[in-house]
Each structure stands twice: as structure tokens, then as C-alpha cells.
Amino acid sequence: MKNKIITLLNEKIPFLSQEDISSMIEIPPKPEMGDFAFPCFRLAKELHKAPPMIAADIANEIGELDFIDHIDVKGAYLNFYLRKDAFVKSMVEASAAENFGSSEEGTGKTICIDYSSPNVAKNFHVGHLRTTIIGNSLYKIYSKLGYKVERINHLGDWGTQFGKLIVAYKNWGDEATVKEKGVEELMRLYVAFHKAADENPELNDEARAWFVKMEQGDEEALAIWKWFVDISLTEYKRTYQLLGLDFDHFTGESFYRNMTGDIVQKLTDANLLTESEGAKIVDLEAYNMAPCLILKNDGSSIYATRDLAAIFYRKNTYNFVKALYVTGQEQKLHFAQVFKVVELLGNEWAKDQLVHIPYGLVSLDGAKLSTRDGNVIYAEDILLEAISKIKETINEKNPDLEDKDEVARIVGVGAVIFNDLYNQRIKDVSFRWEKLLNFDGETGPYVQYTYARCSSILRKAYESSDSSAFSAIDLANIDYSVLTDEASVDLLKEIIRFPEVVKDASEKYEPSIVARFAVDVAQAFNKFYTVNRINIDDEAVKNARLALVKITRKTLRDALDLLGIGVVEQM
């Protein structure tokens with residue numbers, strides 16, 4: 001319907017493109033103000049008339065059409081009131097399509113997303129959840145738009161910290177304990193090193209020496225390092241499995257260690273590398289930034305060097321149209337420096353293809369959780385706690401539910417993810433259990449419950465628990481006049497926004513747009529369900545309303561999937 005109005009207005013206003021008209025069309029805040037509105041202020045300069053006169057002239061020129069009930073002129077606005085049955089028909093037909101919300105804009109294009117990226121030999125703590133959850137949602141959003149997305153876990157698996165860990169292991173560790181306790185023991189050794197180094201600074205020199213050995217390919221150093229990496233990955237993948245996500249590449253900093261020499265050579269050839277206190281830097285004072293450190297004074301590389309190598313490797317390998325980096329706000333300067341260095345090497349694409357996507361901090365609002373060491377809360381603990389609490393609720397309210405453990409996992413993990421993604425990513429996230437697990441608020445469980453309610457309605461109507469028996473939407477036998485009541489139209493108006501929501505979320509790197517859409521659809525559906533009986537004797541009414549239930553169910557499933565959240569058929 002919007003496209004029909006755009007075409008109609010384009011015929012009357014040829015000096016505006018269809019894209020211009022589309023961007024100008026508004027959805028009035030109240031139904032009594034029309035279904036679509038078009039402001040005429042921009043036309044005054046071209047037509048040399050007052051905007052209200054222009055609006056009146058266009059309305060007269062349009063006249064009567066089969067899909068428009070009437071047009072009101074309110075000041076400088078044209079308010080379009082569509083024929084409800086035609087309007088409803090267009091919305092149902094569009095939203096019933098299997099690929100509703102998808103597009104082909106990304107066909108043949110690749111986007112690289114760098115996210116999660118925990119530091120090896122350290123706990124996957126609650127802070128890592130944010131980058132992992134946001135990055136996974138962006139992967140799903142861009143995939144929905146037809147892009148090929150390379151999911152990259154840029155593990156922090158290289159650097160002087162491994163020299164410290166090797167020293168600690170050789171001094172205070174043993175193989176059996178590391179095998180038994182994994183990352184927990186590696187963390188203990190790391191903390192032990194720092195305590196010892198405070199009293200004996202020479203240990204820091206020893207650690208640097210071991211890292212230089214790693215960079216030079218020393219077999220013993222690399223064997224110990226590889227063992228630590230494997231132990232860490234095993235634990236991280238357990239958390240990823242809980243979250244229901246994966247990566248295409250676990251290519252951490254170490255993957256690029258043999259490419260840093262090329263970066264140093266590029267910078268040398270471009271006369272960008274200067275010496276500072278024995279270290280090699282790129283001076284960025286002209287751009288109001290601190291210098292970008294490339295080589296430390298002992299000749300070893302640093303994470304900026306490896307980030308530069310990663311950018312060029314990914315550009316050459318994947319030919320990305322965008323490379324997104326989902327990390328905390330505290331890394332804003334680091335990425336600004338690295339991206340500027342890429343640009344200074346003569347790569348104009350760095351300006352719009354390299355994007356840092358920052359996010360806010362995580363707080364726990366006094367929640368009492370297992371911390372193991374008193375100051376680090378593991379992501380796995382948060383997820384398992386959420387699952388446990390949902391399981392308690394199920395046992396209390398629906399103890400005979402089938403597959404209780406799986407339902408608790410999907411709802412519990414979904415609650416944590418939704419709590420993170422519901423607010424703008426730049427804002428801080430607070431874990432408050434009473435809000436996070438609420439089945440009645442603007443939460444993941446509320447949206448999942450609404451999906452399950454749709455499934456329940458359909459099971460009863462079709463007397464079948466097999467979702468394949470009631471998933472198909474038969475448009476041939478729908479009486480669209482049944483769906484012209486206010487609650488039905490309001491629900492359809494929310495649903496029909498889905499393609500625009502997906503597009504907007506991709507352009508703003510903002511999964512919260514999808515999360516809020518899911519809540520809006522769930523709320524509109526529950527209002528529709530409250531005022532409209534569905535399983536009734538009148539077949540025409542029943543079939544039309546069941547079609548809307550199916551469309552809602554499909555839209556909620558697809559929206560939750562874009563957030564990395566699963567659905568359950570019963571709760």
C-alpha cells in the first residue's frame with residue numbers, strides 16, 4: 001500500500017524521486033489521523049505555493065481510487081485513509097510470505113564480524129557475554145539481508161601474558177592440576193605470577209624472554225602455549241554451546257603473528273614508522289590521537305600490529321564491504337588509531353568499511369551468584385543460574401511439561417540474551433533477576449510465552465500437536481473484512497514493519513530495534529487475543545483470525561531468531 005501511494009505521488013510530483021517520497025511518508029501517531037501522511041513543506045520552494053494549497057491541489061488531482069477510502073487535507077499534510085479490507089489484504093499477503101523480512105541487498109557481498117574474542121587462559125566472564133550476544137545478533141541480521149557473513153573469534157591468544165603464564169607454570173604449576181582444573185588453574189598461576197613479580201621484578205624480564213622465544217618459534221614455548229589455548233577453547237565452547245551459537249573462524253592474534261613483518265615493512269616503505277624510546281610507532285598527533293605502537297623496544301609485536309595484519313588478511317581473503325569490531329567502549333581509541341593507520345597506508349576504504357561497534361558495561365545489581373574467586377562472575381554461571389530459575393518456575397506452574405530441561409535452557413538463555421539486547425547497546429546492562437525472568441514485562445520470556453500461546457491456539461484449532469499441520473498460511477480462503485477491527489489492524493501494522501526494522505537495525509548496528517519490535521508485536525497480539533475469540537463456529541471468522549495467529553507466530557519466531565533466541569511450543 002505504501003508503494004502504491006509512493007507511485008501515485010510520484011506521478012503528481014515528478015521532481016521528487018520515489019526514494020525521496022518514501023522517506024517523507026509518515027505513519028500518523030493516531031489511527032483517526034489516517035494510515036499514511038505526506039507533508040508538503042518541501043514542495044513550496046519548487047511550486048511557489050503555500051504547503052496547504054499544494055496539499056489541496058494534489059488531493060484534488062488524485063481523485064477517487066479503489067484502494068483509498070478518502071484523503072483529508074490537514075494543513076500541509078495529505079492524510080490517506082485506506083480501504084480497510086484492501087489495506088488488510090495487502091498486509092496479510094506481504095507478511096505471510098516465507099521470506100518476509102528478508103532482502104537480497106547483500107547478495108554477493110561479504111561482511112566480517114569480529115566478536116566475542118576472549119583472552120585465552122582467562123575466564124569467559126560476564127563482560128564477554130555482551131560482545132558475543134551483540135555480534136551473533138548482527139550476524140543473523142546481515143544474513144537475513146542476504147550478506148555472506150564471516151563470524152570471526154579473534155582470540156586473545158598471543159602476547160607477553162603468555163610469557164608470564166609459562167614462567168608461572170614452570171615455577172608453581174604442574175601438569176596434573178592444569179589438566180584437572182583447566183582455566184581456573186591457569187588463572188591462579190597468572191595471579192601468582194603478578195604477586196611474585198611485585199616482589200621480584202626480574203620475573204617480568206623472564207616473561208618477556210619467553211614471549212620472544214614464542215615469537216622466534218621455540219618448540220618448548222609454543223608447545224606449552226598451544227596446550228593452554230586448547231584448554232581454554234574447550235571451556236569457551238561449552239559456553240557457546242549453551243548460547244546456541246558458533247563461529248566460522250577461531251583465528252586469534254597468533255594466526256597473524258607471521259604477518260606482522262609485512263605490516264612493519266609497509267609502514268617503513270610509506271615513511272610512517274618512527275622510533276620512540278626504542279619502540280616503533282606511527283605518530284598520529286596530526287589527528288589528535290596518541291601514537292599507535294607497532295613494535296615494543298624488545299622488537300616484539302603488539303596487538304595493534306596484529307590487528308593491522310588481520311585487517312589486510314581479511315580484506316584480501318574475503319574482500320569485505322564492511323569489517324565490524326564488536327568490543328567495549330574502552331577500545332574506542334585503539335580502533336580509531338588502527339583504522340587511521342590503514343587509511344594512511346593509502347586505503348580510502350578504511351573510512352567507511354572499518355567500523356568499531358562499542359557497547360556499555362555490565363552490572364549485576366547485587367545478584368548473589370557463584371563467583372569462584374570473589375571478583376569475577378563467569379558467563380556460564382549467569383546462564384546456568386537463569387536456566388535453574390526458569391526450571392523452578394516450570395516446576396511450580398507447569399510440573400507436567402514435557403522436555404522441561406530443554407524448555408528451561410531455551411527460555412533461561414533467551415532471557416539473558418533479551419535482557420542484553422532490549423536496550424541500546426551503548427547503554428549499560430543490569431542483570432536483575434526479577435525483571436530479566438518476568439513473564440509479563442518487556443522481556444524474552446514474555447515474547448516466548450506469546451509465541452507459545454500462538455502455538456497453543458493453533459494446536460487446539462487443528463487438534464494436532466504437529467506444528468507442520470498448522471504452519472501453512474492459506475490465503476485463498478480468507479475473508480479480509482473479518483480483520484478490519486481495530487485490534488487486528490493494529491497487530492498487522494506492527495507486523496508489517498518487520499522488513500523496515502531489520503534494515504534499520506543493520507544500518508544502526510542496533511539489535512535493540514529488533515528486540516523492541518518483538519515486544520510490540522507480542523503486546524499487539526495479546527490485545528488482539530483478548531478482544532477477539534478465535535476458535536468459534538463461524539468458519540470465515542475462525543479461518544481469518546487463525547491466519548493472523550499463524551503470521552504472528554512466524555514473525556515472533558523470526559524476530560527472536562535474529563536475536564539469537566530460540567522458541568518453545570509449550571511453556
Residue pair [X] / [Y], side-chain heavy-atom distance below 4.5 Å:
X      : Y      : answer
Tyr480 : Leu475 : yes
Ser506 : Tyr147 : no
Ile13  : Phe38  : yes
Arg553 : Ser455 : yes
Asp479 : Asn543 : no
Leu78  : Leu9   : yes
Phe312 : Val342 : yes
Ile5   : Ile25  : yes

Side chains of [X] and [Y] only: does a donor on one sit below 3.5 Å from an acceptor on the other?
X      : Y      : value
His249 : Glu150 : yes
Asn532 : Asp485 : yes
Ser512 : Gln424 : no
Tyr359 : Gln329 : no
Tyr449 : Asn526 : no

Aromatic contact, His128 with Tyr378 (centres under 6.0 Å): no

Distance flag, aromatic centroids of Phe250 and Tyr236, threshold under 6.0 Å: no

Intermediate values then yes/no, side-chain contact (heavy atoms from CB on, under 4.5 Å), Val411 and Ile394: CA-CA 11 Å; Val411 177; Ile394 291 172; over 6 Å; no

Treating [X] as the side-chain partner and [Y] as the backbone partner, does any N or O pair qualify as donor plus acceptor under 3.5 Å?
X      : Y      : answer
Thr555 : Ile551 : yes
Ser137 : Ile134 : no
Asp561 : Arg557 : no
Ser22  : Gln18  : no
Asn347 : Trp349 : no
Thr7   : Asn3   : yes
Arg425 : Pro511 : no
Asn153 : Gly252 : no
Arg545 : Arg533 : yes
Thr239 : Glu380 : no

Charged N to carboxylate O below 4.0 Å: is that the case for [X] and [Y]?
X      : Y      : value
Glu442 : Arg516 : no
Asp466 : Arg459 : no
Asp114 : Arg151 : no
Lys460 : Glu463 : no
Glu406 : Arg409 : yes
Lys332 : Glu330 : no
Glu486 : Lys493 : no
Asp405 : Lys391 : yes

Look at the rings of [X] and [Y] and say which category their plane angle falls in: under 30° parallel, 30 to 60° tilted, over 60° perpendicular.
X      : Y      : answer
Phe339 : Phe335 : tilted
Tyr115 : Phe247 : tilted
Phe525 : Phe528 : tilted

Decide if atom [atom1] of [X] counts as having more than 12 heavy atoms of other residues, nucleotides or ligands within a radius under 6.0 Å.
X      : atom1 : answer
Glu11  : CD    : yes
Glu507 : CD    : yes
Glu402 : CD    : no
Lys148 : NZ    : no

Side chain to side chain contact (heavy atoms under 4.5 Å, CB included), paired with Lys542, selected from Asn535, Val482, Asp537: Asn535

Candidate list Ile410, Val413, Ile417, test side chain to side chain contact (heavy atoms under 4.5 Å, CB included), partner Ile565, passing option: Ile417

Candidate pair Leu354 and Ile311, rule side-chain contact (heavy atoms from CB on, under 4.5 Å), full reasoning: CA-CA 9 Å; Leu354 301 178; Ile311 288 171; 4.1 Å; yes

ring-ring contact (aromatic ring centres under 6.0 Å, His included) assessment of Phe67 paired with Phe87: CA-CA 7 Å; Phe67 68 95; Phe87 188 30; over 10 Å; no

Stepwise salt bridge (Lys or Arg N to Asp or Glu O under 4.0 Å) test for Asp69 and Lys84: CA-CA 8 Å; Asp69 185 271; Lys84 291 298 181 191; over 6 Å; no

ring-ring contact (aromatic ring centres under 6.0 Å, His included) between His70 and Tyr81, worked out: CA-CA 5 Å; His70 65 283; Tyr81 294 78; 4.2 Å; yes

Trace of the salt bridge (Lys or Arg N to Asp or Glu O under 4.0 Å) decision for Asp504 with Lys508: CA-CA 6 Å; Asp504 196 27; Lys508 295 175 180 175; 3.3 Å; yes

Steps toward salt bridge (Lys or Arg N to Asp or Glu O under 4.0 Å) verdict (Glu104, Lys109): CA-CA 10 Å; Glu104 297 180 356; Lys109 299 174 184 174; over 6 Å; no

Trace of the ring-ring contact (aromatic ring centres under 6.0 Å, His included) decision for Phe80 with Phe36: CA-CA 5 Å; Phe80 293 85; Phe36 293 100; 7.8 Å; no

Geometric cation-pi criterion Lys554 and Tyr451, 6.0 Å radius, 45° cone: no

Salt bridge (Lys or Arg N to Asp or Glu O under 4.0 Å) between Lys322 and Asp352, intermediate numbers included: CA-CA 8 Å; Lys322 279 192 185 295; Asp352 57 7; over 6 Å; no

Derivation of the side-chain contact (heavy atoms from CB on, under 4.5 Å) call for Tyr325 and His154: CA-CA 10 Å; Tyr325 292 79; His154 188 76; over 6 Å; no

Shortest non-hydrogen contact from Ile495 toward Ser95: CG2-CB, 3.7 Å

Minimal non-hydrogen separation, Val149 against Asp248, with atom names: O-OD2, 3.3 Å

